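All remarks here apply to the structure that follows.
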Amino acid sequence: QTFEKLLIANRGEIACRVIKTCKKMGIKTVAIHSDVDANAVHVKMADEAVCVGPAPTSKSYLNMDAIMEVIKKTRAQAVSLNESICCSFSSSEVLSSLSLQASEGVTFIGPDTHAIQAMGDKIESKMLAKNAKVNTIPGFDGVVMDADEAVRIAREIGYPVMIKASAGGGGKGMRIAWDDEETREGFRFSSQEAASSFGDDRLLIEKFIDNPRHIEIQVCIIIIYKHGNALWLNERECSIQRRNQKVVEEAPSTFLDPETRRAMGEQAVALAKAVKYSSAGTVEFLVDSRKNFYFLEMNTRLQVEHPVTECITGLDLVQEMIRVAKGYPLRHKQADIPINGWAVECRVYAEDPYKSFGLPSIGKLSQYQEPLHVPSVRVDSGIQQGSDISIYYDPMISKLITYGSNRAEALKRMEEALDNYVIRGVAHNISLLREVIIHPRFVQGDISTKFLPEVYPDGFKGHKLTDLERRELLATAASLYVAEQLRSQRFLGTPRIPIAQSKRRSWELSVRLGDGIYPVAVSKDGSSFSVEVDGMKLNVTSEWNLASPLLSVTIDGTQRTIQRLSRNASGDTSIQFLGTVYKLQILTKVAAELSKYMPEKAAEDTSSILRSPMPGAVVAVSVKPGDMVSEGQEICVIEAMKMQNSMIAAKTGKV
């Protein structure tokens with residue numbers, strides 16, 4: 001017996017995850033939501049739902065007065081807090097509200113306010129870690145007051161340095177600086193992002209550990225002075241990141257040996273005990289090439305990547321957090337915590353991976369289908385077909401998790417799951433995720449937080465086709481074209497006028513892919529097509545269900561899952577093949593010969609225009625009409641999904 005009713009002060013996939021566990025435990029749920037989230041999935045799943053304000057998080061999901069009013073109105077006995085509230089515990093208003101409700105018998109799912117405040121403040125948590133004999137990163141332990149002081153401290157520590165918000169997490173309010181100029185700019189943007197996201201603009205500066213791994217330890221602790229149970233639930237490897245935000249996670253890590261794992265686990269538990277921590281939490285470390293590890297921060301909440309820990313340990317962390325909040329002892333001992341198999345998680349975002357490894361995309365999910373038919377796949381999401389991805393919240397679509405008896409099996413299933421994931425209406429990062437998990441360096445476990453910029457120094461360009469893969473794509477596209485031509489000639493029912501059946505068995509086509517134009521010959525043989533490309537013949541077989549968003553095609557015995565995203569009457573078609581979307585033009589030989597007489601549309605000259613690469617809010621304009629600007633000079637600042645981006649001039653000129 002735990003609680004009769006629990007309020008979820010959260011949204012998205014985490015809210016849905018908590019609601020599912022509550023249903024399993026027989027607990028009624030109350031969801032809060034902003035006005036734009038009225039039709040969100042977590043709202044539909046909950047037993048009750050209450051609107052707490054307009055779209056901006058500061059006026060809804062962070063509106064403590066409104067949340068406290070909902071607690072009283074619905075008579076909820078317990079509350080599950082959202083990440084941003086946990087990150088803003090330096091706010092006296094939040095602390096006093098929570099303390100007041102706690103005194104009135106409302107239980108918060110998580111540690112007490114003292115532990116959250118201590119660990120949510122990076123300056124205080126670092127000092128506590130030192131006192132608890134936890135390894136820490138060298139740096140300045142106080143609050144940085146202004147840009148000049150930031151430069152002075154950075155010089156004393158020695159470049160490169162990491163400038164980051166004292167409150168918060170999730171990569172927000174963090175900048176790496178390699179010189180004085182970057183320190184000044186980093187101080188400005190980090191303080192603005194921290195104030196916007198967490199209501200606290202305090203910053204700290206510490207030495208940047210170059211080329212590290214990001215490995216974290218999941219802990220689960222019950223009230224020390226009551227029961228004394230304390231567990232560390234193994235590690236999660238979170239080194240694949242962009243803009244200090246995790247993209248791919250796995251458990252366990254390929255890098256740790258049992259001795260290092262135990263040492264990290266014991267230090268994580270020691271830190272949690274030092275603040276009388278009482279719930280599930282995560283202690284994050286940076287680990288260098290010699291397996292020296294340094295405390296980074298402690299997250300006093302349910303982490304996005306918690307499913308990989310659940311997969312290899314068999315524990316339901318949400319259920320354990322609810323039981324701990326009620327005062328029950330943990331049901332397990334450290335010796336009971338296994339590492340069974342391997343789990344990998346990919347964060348699927350509504351982002352364009354070809355722009356800075358992922359700039360946000362907004363829109364409506366016109367078609368959405370999760371790959372749950374693939375074995376050993378779990379999808380934690382808070383959206384459905386028809387959902388809107390807006391500028392107000394994190395662009396995460398889902399967490400895609402695969403499990404296997406070993407790492408190779410888990411990665412192979414992830415590859416299959418990504419190929420079978422249907423997302424239409426917004427840009428997404430499936431192509432980047434797929435390339436990461438099949439890259440030789442990743443497969444070998446040779447990774448660090450610099451993996452993406454090292455592997456793609458000129459930015460992500462998508463999958464680079466081998467000659468065989470190019471032929472497979474051309475043959476598949478040509479077969480699709482012919483299958484559609486044949487379908488358009490079929491009649492359902494009996495026509496009033498008898499129609500002669502087409503006896504055509506071969507087609508000569510011209511297919512454009514990138515800068516190349518390829519002659520392709522197709523002949524039909526039953527339900528298969530024999531396709532000649534580059535003088536080589538390929539056999540292409542499929543059920544050719546052209547209405548399905550997924551098409552399973554076998555090419556000379558190799559099975560591929562493709563998606564045809566678009567087509568038009570001019571022969572243009574877009575096909576998702578091996579995770580990447582390729583644009584092709586398929587024409588008959590005669591049409592291709594005539595197409596050279598068609599005039600081409602001139603490309604737009606954008607050198608004199610500053611166009612935002614993403615939707616967002618203009619938070620600062622640094623110039624005015626008539627100003628002379630030089631190439632690379634800041635023109636304005638765009639804030640999108642809580643991240644600030646400086647827009648610069650592409651050339652010298654007058655505004």
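Computed from a predicted structure; not experimentally measured.
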| Below 4.5 Å, heavy atoms only, C-beta onward: do H42 and R11 meet side chain to side chain? | yes

| message | Closer than 4.0 angstrom, basic N to acidic O: yes or no for R243 and E193? | response | no

| request: Under the side-chain contact (heavy atoms from CB on, under 4.5 Å) rule, what do V304 and M396 come out as? Steps first, then yes or no, please. | output: CA-CA 10 Å; V304 169; M396 181 182 287; 3.7 Å; yes

| field | T183 side chain to Y159 side chain, donor-acceptor N/O pair below 3.5 angstrom | value | yes

| Given R407 and E237, is the salt bridge (charged side-chain N to carboxylate O under 4.0 Å, His left out) satisfied, shown in steps? | CA-CA 13 Å; R407 189 169 185 259; E237 173 79 67; over 6 Å; no

| note | From the list V318, N10, T282, side-chain contact (heavy atoms from CB on, under 4.5 Å) with L302 holds only for V318

| With distance as the sole test, does T313 use its side chain to make a donor-acceptor pair with the main-chain N or O of T309 at under 3.5 Å? | yes

| Is there side-chain contact between V436 and V247, with at least one heavy-atom pair below 4.5 Å? | no

| Ion pair check, K164 and E206, cut-off under 4.0 Å | yes

| said: Is it the case that over 12 heavy atoms from other parts of the model lie below 6.0 angstrom from the NZ atom of K450? | reply: yes

| message | With a 3.5 Å distance limit and no angle check, can you tell me whether D180 reaches the backbone of V151 through a side-chain donor-acceptor pair? | response | no

| task | Check whether any side-chain heavy atom of L317 lies under 4.5 Å from a side-chain heavy atom of L233, and answer yes or no. | result | yes

| For the student: nearest non-hydrogen atoms of S253 and E235, plus distance | N-OE2, 2.8 Å

| Should the heavy atoms of other residues, nucleotides or ligands under 6.0 Å from CD of E259 be counted, would the total exceed 12? | yes

| query | Under 4.0 Å between a Lys/Arg side-chain N and an Asp/Glu carboxylate O for E345 and R236? | reply | no

| field | Reported CZ-to-CD distance for the pair R261 and E266, which is rounded to 0.5 angstrom | value | 13.0 Å

| said: Quick check: closest heavy atoms across I383 and I397, and the distance to 0.1 Å? | reply: CG1-O, 3.4 Å

| query | Hey, does the side chain of E4 reach the backbone of K28 with a donor-acceptor pair shorter than 3.5 angstrom? | reply | no

| message | One pair to check against side-chain contact (heavy atoms from CB on, under 4.5 Å): S278 and V324. What are the steps and the verdict? | response | CA-CA 7 Å; S278 174; V324 165; 3.8 Å; yes

| query | Between CD1 of I71 and CG of L7, what distance do you get to the nearest 0.5 Å? | reply | 5.5 Å

| task | Could you tell me whether a side-chain N or O of S381 sits under 3.5 Å from a main-chain N or O of E13, the two making a donor and an acceptor? | result | no

| task | Look at atom CE of M25 and say whether more than 12 heavy atoms of other residues, nucleotides or ligands are closer to it than 6.0 Å. | result | yes

| request: Salt-bridge test for D288 and R213: reply yes if a basic N is under 4.0 Å from a carboxylate O, no otherwise. | output: no

| query | Is it true that a side-chain atom of K23 and a backbone atom of M45 form a donor plus acceptor pair closer than 3.5 Å? | reply | yes

| query | Can you check whether G53's main-chain N or O pairs, donor with acceptor, with K59's side chain at less than 3.5 Å? | reply | no

| task | Could you check whether the rings of F285 and F293 sit parallel, tilted or perpendicular, using 30° and 60° as the cut-offs? | result | perpendicular

| query | Taking C-beta and beyond as the side chain, do L411 and F442 meet within less than 4.5 Å on heavy atoms? | reply | yes

| field | Salt bridge present between D146 and R152 (N-O < 4.0 angstrom) | value | no

| Side-chain heavy atoms of R184 within contact of R188, under 4.5 Å | no

| message | Under a 3.5 Å threshold, yes or no: a donor from one side chain and an acceptor from the other, between W342 and E250? | response | yes

| Looking at T21 and Q319, what are the two nearest heavy atoms and their distance? | CG2-N, 3.7 Å

| query | Can you find a pair of side-chain heavy atoms, one from V619 and one from Q192, that are under 4.5 Å apart? | reply | no

| task | Might you point out which heavy atoms bring E182 and I176 nearest each other, and give the distance in Å? | result | OE1-O, 3.8 Å

| Main-chain N/O of I447 paired to R441 side chain as donor or acceptor, under 3.5 Å | no

| said: If you apply the rule side-chain contact (heavy atoms from CB on, under 4.5 Å), what do you find for V287 with N292, and how did you get there? | reply: CA-CA 6 Å; V287 185; N292 298 309; over 6 Å; no

| field | Donor-acceptor contact below 3.5 Å, side chain K207 vs main chain G158 | value | yes

| task | Output the distance between atom CG (N645) and atom OG (S356), rounded to the nearest 0.5 Å. | result | 8.0 Å

| field | Value rounded to 0.5 Å, distance of NZ in K126 from CG in L296 | value | 10.0 Å

| said: Show the nearest heavy-atom pair for residues D394 and Y349, with the distance to one decimal. | reply: OD2-CE2, 3.3 Å

| field | Polar side-chain atom of N135 near backbone of M264 as donor-acceptor pair, under 3.5 Å | value | no

| How close do I163 and L203 get, heavy atom to heavy atom, and via which atoms? | CG2-CD1, 4.0 Å

| query | Do E284 and K246 meet the salt-bridge criterion of a basic N to acidic O distance under 4.0 Å? | reply | yes

| said: Within the 4.5 Å heavy-atom criterion, are D316 and K24 side-chain neighbours or not? | reply: yes

| said: So, taking the atom named CZ in F451 and the one named CD1 in I240, what distance separates them when rounded to the nearest 0.5 Å? | reply: 5.0 Å

| said: Assess the residue pair I337 and L315 against the criterion (side-chain contact (heavy atoms from CB on, under 4.5 Å)); give the C-alpha distance rounded to whole Å, side-chain angles, the decisive distance to 0.1 Å, and a yes or no. | reply: CA-CA 9 Å; I337 305 302; L315 298 180; 4.1 Å; yes

| So do Q1 and Y328 actually touch side chain to side chain, heavy atoms under 4.5 Å? | yes

| Going through the checks in order, is the side chain to side chain donor-acceptor pair (under 3.5 Å) test met by S60 and Y392? | CA-CA 11 Å; S60 53; Y392 299 107; over 6 Å; no

| said: Within 45 degrees of the ring normal and closer than 6.0 Å to the centroid, is that where the cationic atom of R175 sits relative to F208? | reply: no

| said: Under a 3.5 Å distance rule, please check whether K399 uses its side chain to pair with a backbone N or O of R378 as donor and acceptor. | reply: no

| F255 six-ring face occupied by K291 cation (under 6.0 Å, within 45°) | yes

